[in-house]
Each structure stands twice: as C-alpha cells, then as structure tokens.
There are 2 protein chains.
Amino acid sequence: MPAHHHDNSDLTKNQALVYDTLNAADGPLSAYTILDQLREAGFRAPLQVYRALERLQALGLVHRLESLNAFVACSHPSCEEDGTVAFAICETCGRVFEFTDAELKSRLGAWAKTTGFRPQKTTIEMRGICAECKAA
Amino acid sequence: MPAHHHDNSDLTKNQALVYDTLNAADGPLSAYTILDQLREAGFRAPLQVYRALERLQALGLVHRLESLNAFVACSHPSCEEDGTVAFAICETCGRVFEFTDAELKSRLGAWAKTTGFRPQKTTIEMRGICAECKAA
DNA sequence: TTACGCAATGTAATGATATTACATATCAAG
DNA sequence: CTTGATATGTAATATCATTACATTGCGTAA
C-alpha cells in the first residue's frame, strides 16, 4: 500500500472520530474543542485527542496551525508528498485557505542549501483579512 | 547595550529589562523563563512580561516564534520596515537564524493579490538541524 | 491453545502558556 | 492641582499540552 491515499479504514476509532470532527468543521478547531465535541462519543481526556492528532498529522491528513494552536483537516490531496504548505487565516471569519507554491518552497530550500541547514518541518502562515470579509 | 535599532531610552523600565534579557540570551526564551530571570529585578507576574513583549514586538525589536511559543530579540536591523521575516530554528542547539528573502515575500504577496487576501502578519519558520549540529 | 508482545486506549495528575479583571502609580498637559 | 492617558502591580483564571502509569485488544510464535 502506498504511503498516501488513506481513507478512514486506515484509521483507528479515535483517529477517525477526530478526523471526522475536523472535516465537519468549517474552520480550525482547538484540541479542547474537539474533545468537547467528542464527549458524547466517549472521549474523556485531552490525551485522546492529542494522540489522534499526532497520527493524523503524520499521515498528512491534518495540519497544525502554529499561530492559532489549532488544527484543520487538510484540504489539499496528498499533502504528505509536498511537505511545504502555506496557510492564509482570516482574522474575521476564521476560515483557513491552504495553498502551495513551488517558488516559495524553492526559495526556502535555496536558503537551507547555502547555509547547510536541514529543514524538517516548515510553517508558513499569513494572518489577515480574506477577500469576502474585506468587501463586507 | 545593543547598538542598533532604537536605544533603550525609548523603552519603559520593564520593556528595557525584557529586551535586555532577550539580547543577553543566545536563543529564544519563553515568557516564563524571562519572568524567572527578572524576579530579582522585581518582576512578579507573567503579565509584566507579556505586556513588555507586546510593545517590543510592535516596535520590531522582538519576534515571537509561533512554533516554539517563545521570543527572540531581532537580529536584523530595521525589522519593523520589512514585516516579512523568516526563521530557521535548530532543534538540536536551539539557535535561531533570522533571514529575509525578497522573492519569498513577493510570492506570498502575489498569492494575496490574486485571492484578495490582505495579510497583516506573516509567520515563516523552518524547524530542522543547523549546519554545525549536522556536522557534529 | 496459551503466552507473549505490541500498539492503542483509558485516566489522573501536572506542567506550560496566556489572558481577564481590577487596583494603583506616574507624569505631562491644561 | 486636577485630569486623562499610559504604565504598572497583583490575583485569579483560562487555555494548551505532556508525563506517568494502568488496561485492553489483537496478531502471532511456541
């Protein structure tokens, strides 16, 4: 089985519950918000959420937004193959726009190459106002 | 006393204490670490640190590293004029390398322009291993 | 089949980071 | 001197994340 192309059958019960919760949300959720939404499904402790999130991130199905301490389902197929993803986060409506840019990736790679730095995980997040909220 | 940027005479007592603490450190510090280092100077509560950091960030003298929940003194003159700064953070030695790249900035600006997103604050952080630690 | 090993899960406690609310102090302008 | 704005002091609380340890479920080798 290739490393990408997961469906929910690859996931344990808790992982699937957390993943479904993130997919159903229209914006990023904190770990504790996920926990609250899964109380009825039997979740009792933050660790259950954090453990599931850890695995989902490793699979590339979920991203952590560092500037929000929150999590979103990946909206881009095969994220685990790319590695460098950027986010635009609207301060007004809370929506998150995920995108990639080869040149962005390549500039960071170039800096790393000239300095000898070996990047393992890259975070790119723009906070601001989305087009819709700007218009409103 | 740091020679570039503003000098400390622009800062209040608490702001100067926090700024000096960050400048004396050879890596990022958490707010609570700063608090501990300033107990003898009279600091008693986290808020004293967070308030000073807020102002120092607004002045461009200090950056917040979102992926670490920690803070560093700016190592690049006139950061407040640039706005988009990138960081490489070594997982092994903890050192932080600050850099800018016009093309990086321009690619993010281009994405923003085509989508109508108005960015207010941009975070770019690479976590990895620096050249020295790789060699060792 | 039992026994073992291993990954996932359950649970409690604690640690780490950040903010709210309200009181007091300082100081320059009127 | 009084007023208003900014800075500061302090306590309490909110929010985010991890450590430690017990238990369960399940595939597999003996």
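Chain letters run A, B, ... following the sequence lines, proteins first and then strands; every chain starts at 1.
- Bracketed by its first and final contacts, the part of DNA chain D lying under 4.0 Å from non-hydrogen atoms of chain B reaches from D/dA7 to D/dT10 in 5' to 3' order.
- Between B/Tyr32 atom OH and C/dG15 atom C1' there is a gap of 11 Å when expressed in whole angstrom units.
- Going from atom CG of A/Asn14 over to atom P of C/dA7 covers 17 Å, rounded to whole Å.
- The side chain of A/Asn69 contributes no N or O atom lying less than 4.0 Å from OP1 or OP2 of C/dA18.
- Nucleotide C/dA16 holds its P atom 16 Å from the CD1 atom of B/Ile34, rounded to whole Å.
- Of the residues in residues 39-57 of chain A, those lying under 4.0 Å from DNA chain C by heavy-atom distance are A/Arg44, A/Ala45, A/Leu47, A/Gln48, A/Arg51.
- For B/Arg64 and C/dA18, the shortest distance from a side-chain N or O to OP1 or OP2 is below 4.0 Å.
- For A/Leu68 and C/dT19, the CG to C1' distance is 16 Å, given to the nearest whole Å.
- Listed by first and then second residue, the ring pair (Phe, Tyr, Trp, His ring centres under 6.0 Å) pairs involving residues 36-70 of chain B are B/His63-B/Phe87 (not counting sequence neighbours).
- By the salt bridge (charged side-chain N to carboxylate O under 4.0 Å, His left out) test, A/Arg95 pairs with A/Glu132, sequence neighbours left out.
- OP1 or OP2 of C/dT9 lies within a sub-4.0 Å distance of a side-chain N or O belonging to A/Thr12.
- Note that the CZ atom of B/Phe97 and the OG atom of B/Ser75 stand 10.0 Å from one another [nearest 0.5 Å].
- Nearer the 5' end of DNA chain C, as judged by each residue's closest nucleotide, is the contact made by A/Lys13, out of B/Thr33 and A/Lys13.
- Scored by the side-chain hydrogen bond (donor to acceptor under 3.5 Å, both in side chains) test, B/Arg55 finds no partners at all (sequence neighbours excluded).
- Not counting sequence neighbours, the partners of B/Ser106 by the side chain to side chain contact (heavy atoms under 4.5 Å, CB included) test are B/Glu103.
- For the side-chain hydrogen bond (donor to acceptor under 3.5 Å, both in side chains) condition, the pairs that include at least one residue of residues 107-122 of chain A, sequence neighbours left out, are A/Arg107-B/Asp101.
- Here C/dA7 presents its C1' atom at 15 Å from CG of A/Leu11, a figure rounded to the nearest Å.
- Residues meeting the salt bridge (charged side-chain N to carboxylate O under 4.0 Å, His left out) test with A/Glu54, sequence neighbours left out: none.
- Within the 4.5 Å cutoff, side-chain heavy atoms of B/Leu11 are placed close to those of B/Leu56.
- With sequence neighbours excluded, the residues satisfying salt bridge (charged side-chain N to carboxylate O under 4.0 Å, His left out) with A/Arg64 are A/Glu66.
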